[in-house]
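Atoms within each ligand, like the ligands themselves, are counted from 1 in listed order. Side-chain atoms are counted along with the backbone in the values below, which use heavy atoms only and exclude waters and symmetry mates. The residues of the chain are indexed from 1 along the displayed sequence.
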Amino acid sequence: MYSQGLIGADGKTHEDEAFLAAFQARIDAEQKIEPNDPMPEGYRKTLIRQMSQHAHSEIIGMQPEGNWISRAPTLRRKAALLAKVQEEGGHGLYLYSAAETLGVSREEMTDQLLTGAAKYSSIFNYPALTWADIGAIGWLVDGAVIMNQNALCRCSYGPYARAMIRICKEESFHQRQGYEILITLCNGTEQQKELAQDALNRFWWPSLMMFGPSEGGSVHSEQSMLWKIKRFSNDDLRDKFINATVPQAEFLGLKVPDPDLTWNEEKQGYDHGDIDWDEFWRVVKGDGPCNRERLKNRNRVHREGAWVREAALAYAQKRAVREEAARVAAE
Ligand code: BYC
């Protein structure tokens, strides 16, 4: 835990109109809010919710791809995938650390994930069935992630915004490695191209769902945009993603699985078909194709890693005793 004494976290802060107006004025003036700054309790809670969900997504997101490391078709592909999955783990760790600056502990967040109380991105509850899926995850999932997270680099909360800068650089590499897998497959045999098309068919709609519910269903957007935690609505980011991605599918010679996708000259963007929000909420609420498996795996590796945590703790305690002894001897 890196900070103490947060105003608002103690439940004693009087959030009167003058306090809230002064806070909003700082946000409107594009000043970054830092861990020990006064902040409304709602702002702090919103950030803890979003940042911990984000961290959990990175950690759970290692599973569908991690499963393919041993089956990557070449050494080069294996090295790139291994690096990518390790980086996702690293993103999770920066984000847990950034969330800790708001007064929540890593243990608390981990517990919420392991018990199924916390959300993580719906996309990671879909299986990676073929090698082409690894291409599609890089291209579409990381592509969606970049669209969402570039905006988060300008989030009003300093530690989150700064963590996102490095994360976005790494996500760009992830997106390229996925797209390059698909370029190779699409320039290969008929069967390889079919694998690529099948991956696009299965990952297109779940990728659009990653941006979250549309206007009516997005309960947090209005306040989060006022606080400049979010800079764009879920629908705006989804539209930007579609506009950027459709030409990339055309370049690959693949067909986006949406018969209603049409270019709208007036808005200079695509109109798309209806998203299946029933499916989205089913997956978010725990009933997607892999929800149970993902949580079961996460709990298992947490149990198996207990000895590492115990060893690290014992080492830290031993070092603290030694340092204290050296300090006393030096006095
Ligand atoms: N999945 O009011 P809304 C990665 C929930 S992974 C599940 O619009 P908000 C990677 C939402 O939480 C990076 N739940 O919410 C790793 C809320 O429920 P609660 C993932 C979703 O927060 C490995 C409710 O629906 N990225 O990088 O304003 C390999 C109402 O929604 C989803 C992030 O986490 C969903 N898709 O906006 C590859 C980015 N969508 O909390 C890649 C940070 C919505 O009230 N997060 N919900 O119970 C955000 O930008 C925002 O939290 C969201 C949602 C845009 C996702």
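- The closest protein non-hydrogen atom to atom 49 (C) of ligand 1 is Gln50 NE2, 3.5 Å.
- Remark: the backbone N or O of Lys255 is paired with a side-chain donor or acceptor of Gln197 at under 3.5 angstrom.
- Between His220 and Gln50, the side chains place no donor N or O within less than 3.5 Å of an acceptor N or O (distance only, hydrogens not considered).
- Using a 4.0 Å cut-off between charged side-chain N and carboxylate O, Glu41 and Arg44 make a salt bridge.
- Ranked by closest heavy atom to atom 23 (C) of ligand 1, the top entry among His91, Glu215, Glu88 is Glu88.
- Defined by atom type and a distance below 3.5 Å, a donor-acceptor pair is missing between the side-chain atoms of Glu279 and Trp277.
- Shortest contact from atom 18 (O) of ligand 1 to any protein heavy atom: Lys119 NZ, 3.4 Å.
- Electrostatic pairing of Glu34 and Arg162 counts as a salt bridge here, judged by a charged N lying under 4.0 Å from a carboxylate O.
- For the pair Lys296 and Glu293, the salt-bridge criterion is not met [side-chain N within less than 4.0 Å of a carboxylate O].
- In this structure, of Phe280, Phe124, Trp281, the residue bringing a heavy atom nearest to atom 21 (C) of ligand 1 is Phe280.
- In terms of polar-atom proximity, defined here as any N/O pair under 3.5 Å, Asp142 makes no such contact with ligand 1.
- Ionic pairing of Glu65 and Lys84 is present here: one or more N-O contacts between side-chain nitrogen and carboxylate oxygen are shorter than 4.0 angstrom.
- Among Gln149, Glu222, Lys285, the residue whose heavy atom sits closest to atom 13 (C) of ligand 1 is Gln149.
- At a threshold of 4.0 Å, the pair Lys228-Glu30 counts as salt-bridged, since one of the basic side-chain nitrogens sits closer than that to a carboxylate oxygen.
- Looking at atom 20 (C) of ligand 1, its nearest protein heavy atom turns out to be Ser57 CB, 3.8 Å.
- Closest to atom 39 (C) of ligand 1 among all protein heavy atoms lies Asn148 OD1, 3.3 Å.
- Of the candidates Pro213, Gly212, Ala118, Pro64, it is Pro213 that places a heavy atom closest to atom 31 (O) of ligand 1.
- Of all protein heavy atoms, the one closest to atom 1 (N) of ligand 1 is Ser122 N, 2.9 Å.
- Of all protein heavy atoms, the one lying nearest to atom 15 (O) of ligand 1 is His220 CD2, 3.5 Å.
- The protein non-hydrogen atom at the shortest distance from atom 54 (C) of ligand 1 is Lys230 NZ, 4.1 Å.
- Counting only heavy atoms, the protein gets under 4.0 Å from atom 29 (C) of ligand 1.
- Within ligand 1, the atoms closer than 4.0 Å to a non-hydrogen atom of Tyr160 are 43 (C), numbered from 1 in the order shown.
- The contact set between ligand 1 and Met210, taken as ligand atoms under 4.0 Å from a residue heavy atom, comprises 36 (N).
- Shortest contact from atom 22 (O) of ligand 1 to any protein heavy atom: Arg49 NH1, 3.0 Å.
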